[in-house]
Amino acid sequence: MSRGKKTVERVTQLMNKPENIRNIGIVAHIDHGKTTMSDNLLAGAGIISEDLAGKACWMDSDEEEQARGITIDASNVSMVHEYEGKEYLINMIDTPGHVDFGGDVTRAMRAVDGAVVLVDAVEGTMPQTETVLRQALKERVKPVLFINKVDRLINELQVDEMEMQIRLGKVIDKVNKLIKGMNEEMYNNGWKLDAAQGTVAFGSALYNWAISVPYMKKSGISFKNVYDHCKAGEMKELAKKSPLCDVILDMVVTFLPNPLEAQKRRVGVIWHGDINSPEGKGMYNCDPNAPSCMMVTDISFDPHAGEVATGRLFGGKLKRGDEVYVMQSAKKVNRLQQVGIFMGPTRVEVPELFAGNIAAVTGLKDAVVGSTVSSLMDMTPFESLEHYSEPVVTVA
Ligand code: GDP
C-alpha cells in the first residue's frame, strides 16, 4: 500500500474518535523557527521529504494523489502520531509569523485547542511571542512551550551546561509570568509550564532534535548527553536518539486537550448563546448527533473545486448534500458539495465528518471568514473574531 493511501486510511479511522484528536497551532515570533519546526514535524511523520524539510517547501507524499488533482494546502496538515500503543490524529493549523498577522492568528486560534509556543533560546520572548500567547489564552487555547535554537547557545555563545540550564529556566519563567499576567485562573489551574512535568521541551528544529524530561526518562538520554553531543557537533546522532517529531508530538498528545475536553472549556467563551439549547449542549459535549455548528476560519480558492471554506466543526456532523444556513446572511439554504479534511498537506473528501474536527467544505456560497454555519436556520453566531484583536499590553 502506498504511504499516501495508508495515511488516508489511518486518518479516516481516527477522525471519528475525538479523544484521539488534537487540533493544534504553532505560534512564534518571526524568525524563531516555526517554519523549520513545522517542516521537520511533517518530515518526521513521513508527510514531506526529509530533504525538503527546513526549506519551507512542501511536497506531496503521494504522486498518485497529485495526479488525481487533490489540492495541496500548506496551511493545514494532518499527521498520525503513535504514543504508548495508541494512534492520534494531529491537525496542525498554520499561523502566519508576520508583523501584520494579528487577524490570521486569531482565526487559527479559534480552530485549535492547543498551541506549541516556540521561543528562540538566544533571543528569548519577543513582542510577538506575547501577542500570540495572548490570542491563544483569550480563546482558551492551552499552551506548551518549545525552546528552539539550543544548538546556538552551546556552539555560538559557548555556554556551559550549568549556564544553559539557567538560561532555559529564565525563558520558562518569563513565559510563565506572561501566562499568569494574562490569565491567572488558568495559570493556577494547570496551565503553568513546568519542565519537570513535561509541558516544556527544548532543542534544535534546524538539526531535528529535541528533548523533554519525560522523553529523557523514556529514552535514558540525560541532559549531559544532549549537551555533550551538541558540543561535539554530533547533531545527526542526537536527531536519531531524540527526534524532534517524537518529542514534540508526545508532548502535544500528553498535555494538549482533545476536543471533548477543550470544547467544555471553550464554548462559553467563544459563543454566548444558551448553553442549554440543543446546539449549546451539542457543542459543549462535542456531540455528533446535535445540530451542526461550524465556524469558518479561512476561505481559500481551489482551481478544481472553487471556494473552500475551512473551519472548526464544534457540534453535529456534515456530509455532502446537507442543507445548512449561514448566520447573518440572507439565510438561504447553502448545500454542501464536498466535505473534506486534510490528510497530510492534501484535502480529500470524506463521507461524513463529526464534531471536533477541522472541516474543509465547498458549497458554502454565503460564507465569509468568521461566519457561523449551522443546520439550524437560526442560531446565536459565534463571537466575532475581531472581538479578540486588541493592542498589545506589556506584562512586566
Ligand atoms: P519562522 O519565521 O519562525 O518561520 O522561522 P524559520 O523557520 O524561517 O527560521 C528562521 C531562521 O532560523 C532560519 O535561518 C533557520 O534556518 C534558523 N533556525 C531555525 N531553527 C533553528 C535552530 O534550531 N538552530 C539554528 N541554529 N537555527 C535555526
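Numbering of ligands and ligand atoms starts at 1, following listing order.
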What residue among N208, N148, L206, V116 forms side-chain contact (heavy atoms from CB on, under 4.5 Å) with M37?
-> V116
Could you state the interatomic distance from CG (D366) to CG (N334), rounded to the nearest 0.5 Å?
->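 These two atoms lie 4.5 Å from each other.
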Closest to atom 16 (O) of ligand 1 among L206, V27, I30 (heavy-atom distance) | L206
Taking only heavy atoms of [X] into account, list the atoms of ligand 1 that are under 4.0 Å away from them.
X	result
S204	22 (C), 23 (O), 24 (N)
D31	1 (P), 2 (O), 3 (O), 5 (O), 10 (C), 12 (O)
D151	22 (C), 23 (O), 24 (N), 25 (C), 26 (N)
T36	6 (P), 7 (O), 9 (O), 15 (C), 19 (C)
R152	26 (N)
K34	1 (P), 3 (O), 4 (O), 5 (O), 7 (O)

Ligand 1-proximal atoms of T35, by part, heavy-atom distance under 4.0 Å | both
Please check if atom NZ in K231 has more than 12 non-hydrogen atoms from other residues, nucleotides or ligands closer than 6.0 Å.
-> yes
For Q158, does the CD atom have more than 12 heavy-atom neighbours from other residues, nucleotides or ligands under 6.0 Å away?
->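 Count over threshold, so yes.
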Are Y284 and F314 close enough that their ring centers fall under 6.0 Å?
-> no
Can you check whether Y207 has an N/O within less than 3.5 Å of an N/O in ligand 1?
->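 No, Y207 has no N/O under 3.5 Å of an N/O on ligand 1.
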Looking only at N/O atoms, are G33 and ligand 1 under 3.5 Å apart anywhere?
-> yes
Find out whether V80 and Y88 are in side-chain contact, i.e. whether some heavy atom of one side chain is under 4.5 Å from a heavy atom of the other.
->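 No; the side chains remain at least 4.5 Å from each other.
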Looking only at heavy atoms of A205, does any of them come nearer than 4.0 Å to an atom of ligand 1?
->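 A heavy atom of A205 does come that close to ligand 1.
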List the steps and the verdict of salt bridge (charged side-chain N to carboxylate O under 4.0 Å, His left out) for D113 and R265.
-> CA-CA 10 Å; D113 301 317; R265 184 162 51 224; over 6 Å; no
Report the relative orientation of the aromatic rings in H32 and H29; use parallel for angles under 30°, tilted for 30 to 60°, perpendicular for over 60°.
-> tilted
